[in-house]
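Chain letters run A, B, ... following the sequence lines, proteins first and then strands; every chain starts at 1. In this text the structure is predicted, and so the values were computed from the model without any measurement.
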2 protein chains.
Amino acid sequence: METVHTSGRVTMQQVALEAGVSVSTVSKVINGRYGISTATAAHVSSVIERMGYETSLVARSLRNQRTNVIGVLVADFEPFSTEVLKGAADAIRGSGFELVAYSAGGRVDEHVGWERRYLSRLMGTLVDGAVLVTPTITDVLSDGPVVAIDPHTGSTTIPTVTAHNLQGARAGVRHLLELGHTRVGMVTGRADLVSAQLREQGFREALAEAGVAVDESLVVRGAFEADVARDVAHRLLERTDRPSAVFAASDQMALAVLDVARELGIDVPSDLSLVGFDNIPESALSEPPLTTVAQPIREMGRDAVSMLIGLIEGREPADPHHTLGTELVLRRSTRPHGGSS
Amino acid sequence: METVHTSGRVTMQQVALEAGVSVSTVSKVINGRYGISTATAAHVSSVIERMGYETSLVARSLRNQRTNVIGVLVADFEPFSTEVLKGAADAIRGSGFELVAYSAGGRVDEHVGWERRYLSRLMGTLVDGAVLVTPTITDVLSDGPVVAIDPHTGSTTIPTVTAHNLQGARAGVRHLLELGHTRVGMVTGRADLVSAQLREQGFREALAEAGVAVDESLVVRGAFEADVARDVAHRLLERTDRPSAVFAASDQMALAVLDVARELGIDVPSDLSLVGFDNIPESALSEPPLTTVAQPIREMGRDAVSMLIGLIEGREPADPHHTLGTELVLRRSTRPHGGSS
DNA sequence: ATGAAAGCGCTAACAG
DNA sequence: CTGTTAGCGCTTTCAT
């Protein structure tokens, strides 16, 4: 036997050769096309089975316009995006679609607009549509069906799924206020995301409501990433007149603040109350576990994929800007101002 | 909205046409090949920029043998696999590789051997190598570089990354024994995984060590999936002589047991002590939070990808069967036998 | 019922 | 320096 075992993958070519038929016959057998005798079909099938052949997703994608694969494009695999992924997986089950999640290895800052890049690279060839998680640009030229989760400011053209960021932030900050805190600081999120802006606005509204003036020096810019948040937390917590409470625009940042506080010997919640946003699973794992404004992240992923499948199949979404509720989750990172154990 | 989703993608063809050059010239410009005048290069670049062109991953993959993309193949996106993904992302950062995670939408039971299928579909075309998370088959014919996390029994040929399942399970069960429990049950995992077998073995060894006989009727077969675990938990907990403690081979199953216990009015930990395995983030979110044997899942993902990159670049792994330590994490789902609050 | 041939978007010889 | 040509693995007319 002189089968060439060089490159590894079994191609249709090789199956055809082995079965003594043409590639087109093999293709027809695989795709169940008519015009093949039962005998050859059976024979080819057995050869396919024996050789362990599977069609190449890539080659097939290039040829067909429809791939039955949905893409989830993320800047990085972190707690938020992986929660979205779990939700996306829920929605994909039984839909006949497959799911591919794609990330360029966190090299986001290198190139703002990663989502346009990815979209161009995958859409129309690998995937039939995509869910964009926290995209950075405004004008996503729709190369195809796209749904954004937690999108950039001003993207009104593409369907989105978001949480009630404004209300959520307001509830989180009110909680701090009700605890008697008046010097409350905020670590804001990535300035270009609607969600971050709304969370800051909610912070300001809650303070205004309570008649507390915003000390602008207590509002520092984070970036939804832990390392940036650490620097910023240092700035905030090393001041002698540091805040007694901090609202962070994301759990990742809140966790960074918590970490920095520990380093500085500031006890949470005795010396500092802390509220996050997102309710990623990790927020419950910290010491103390984080009080946070929960977004239904999984559900957002699920709804985004459902919407996308609809779009792919030509249905216009009933509600192109789907918004879900938030909920304050009380854990142990907050305490009344001045209150001891 | 009447956006036409038909033609969509800008192709190299169109760029070439627009720039008044041939496709190969465009290709050379994009790939920085020598032999292009600075003038044309600049011109072509500007056209590319203006048209928002990006090369199609698929087309490029088909042509090149190397893609610089690493695949993580999972049966489903659930807490365990997404933790692996976070670790994989850690390892990929700065490596020059991109990461694609692929799942067929949880349709695993339909077709045992999903990993062979996925591997054939992606390897050699889309990805340069792959990490298999909890694969189900023995003989993964290496179509290319592959590393398995938590693999099937008997796969000695491919490199693996695992945790110390035996020791971990032993430690978890010992904890229960030290608490004074003697009727301790176990929900085992997917019988075909080495990890599940070792966890059961650890359970048996710990009991033997303590001189406690195993009541086989208390050992029930789960499947690492929550729904299967629920049935099995019912069987275990509805008996009049139900165990006072249960060791579950995974957190997902432990969480299911917890849920069933609640339904049956059995209080954890007062009436039932429960120990899980994995320490997925969700295990801390339950009420009560779960005592569990922690595996360093992220680290496993990280190590698997590092190993894989080495393999792709032709380096033999120093330790082809890399094993990481486990650690008992005490939370609130266990209590001394007969002990009240 | 089967096969030859074209072409999906791209890259890499090889000519010019 | 630039264009022409030949495929990568597959599907799909269109002949046979």
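Look at A/Thr25 and you'll find a side-chain N or O under 4.0 angstrom from OP1 or OP2 of C/dG3. In terms of phosphate contacts, B/Arg33 brings a side-chain nitrogen or oxygen within less than 4.0 Å of OP1 or OP2 of C/dA12. Contact annotation: B/Ser22 reaches the phosphate of D/dG3 (side-chain N/O to OP1 or OP2, under 4.0 Å). Phosphate contact (OP1/OP2 of C/dT2, side-chain N/O of A/Thr40, threshold under 4.0 Å): present. For C/dC10, the OP1/OP2 oxygens have a side-chain nitrogen or oxygen of B/Tyr53 closer than 4.0 Å. In terms of phosphate contacts, A/Ser37 brings a side-chain nitrogen or oxygen within less than 4.0 Å of OP1 or OP2 of C/dT2.
Atom CD in B/Gln13 sits about 13 Å away from atom P in D/dG3, given to the nearest Å. Atom CD of A/Glu54 and atom P of D/dC10 are 11 Å apart (whole Å). Separating the CD1 atom of B/Ile30 from the P atom of C/dG9 is a distance of 14 Å, rounded to the nearest angstrom. In this structure, B/Arg60 atom CZ and C/dC10 atom C1' are separated by 8 Å, rounded to whole Å. Here the C1' atom of nucleotide D/dG9 and the CG atom of A/Leu17 are 15 Å apart, to the nearest Å. Whole-Å rounding puts the B/Ile36 CD1 to C/dA12 P distance at 13 Å. At whole-Å resolution of the value, OH in A/Tyr34 and P in D/dT13 are 16 Å apart. Summarising the geometry, the separation between CD1 on B/Ile48 and P on C/dC10 is reported as 10 Å, rounded to the nearest angstrom.
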Between the protein and nucleotides 13-16 of chain C, list every N/O to N/O distance that falls short of 3.5 Å.
none

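The side chain to side chain contact (heavy atoms under 4.5 Å, CB included) test applied to B/Ser56 returns A/Thr125, B/Arg9, B/Val58, B/Ala59, not counting sequence neighbours. A search for side chain to side chain contact (heavy atoms under 4.5 Å, CB included) contacts involving A/Thr55 returns A/Ile30, A/Tyr53, A/Arg60, B/Arg121, not counting sequence neighbours. Under the salt bridge (charged side-chain N to carboxylate O under 4.0 Å, His left out) criterion, A/Glu313 pairs with A/Arg315, sequence neighbours left out. Residues forming a side chain to side chain donor-acceptor pair (under 3.5 Å) with B/Arg50 (at least two apart in sequence, or on another chain): B/Glu18. A/Ser95 pairs by the side chain to side chain contact (heavy atoms under 4.5 Å, CB included) definition with A/Ile92, A/Phe97, A/Ile309, not counting sequence neighbours. Applying the salt bridge (charged side-chain N to carboxylate O under 4.0 Å, His left out) test to A/Asp303 and every residue at least two apart in sequence or in another chain returns nothing.
At a threshold of 4.0 angstrom between heavy atoms, the contacts of A/Ser27 include nucleobase atoms, whether or not backbone atoms are also involved.
Side chain to side chain, B/Ser24 and B/Ser22 meet the donor-acceptor criterion of an N or O pair below 3.5 Å. For the residue pair A/Asp150 and A/Thr162, no side-chain donor N or O sits within less than 3.5 Å of a side-chain acceptor on the partner.
Taken residue by residue, residues 64-73 of chain B places no heavy atom nearer than 4.0 Å to DNA chain D.
Nearest nucleotide to the side chain of A/Val21, out of D/dG3, D/dG9, C/dG3: C/dG3.
With DNA chain D read from its 5' end, the first of the two nearest nucleotides for B/Ala41 and B/Ala59 is the one closest to B/Ala41. Judged by closest nucleotide on DNA chain D, B/Val23 is the one of B/Leu62 and B/Val23 placed further toward the 5' end.
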What pairs of donor and acceptor atoms, side-chain ones from residues 77-89 of chain B against any protein atom, are under 3.5 angstrom apart with sequence neighbours left out?
from	atom 1	to	atom 2	distance (Å)
B/Glu78	OE1	B/Phe80	N	2.8
B/Glu78	OE1	B/Ser81	N	3.3
B/Glu78	OE2	B/Ser81	OG	3.1
B/Ser81	OG	B/Asp76	O	2.7
B/Ser81	OG	B/Glu78	N	3.0
B/Ser81	OG	B/Glu78	O	3.2
B/Thr82	OG1	B/Glu78	O	2.9
B/Thr82	OG1	B/Pro79	O	3.1
B/Glu83	OE2	B/Lys86	NZ	2.6
B/Lys86	NZ	A/Glu282	OE2	2.7

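Of the candidates B/Val131, B/Val100, B/Leu122, B/Leu73 forms a side-chain contact (heavy atoms from CB on, under 4.5 Å) with just one, namely B/Leu122.
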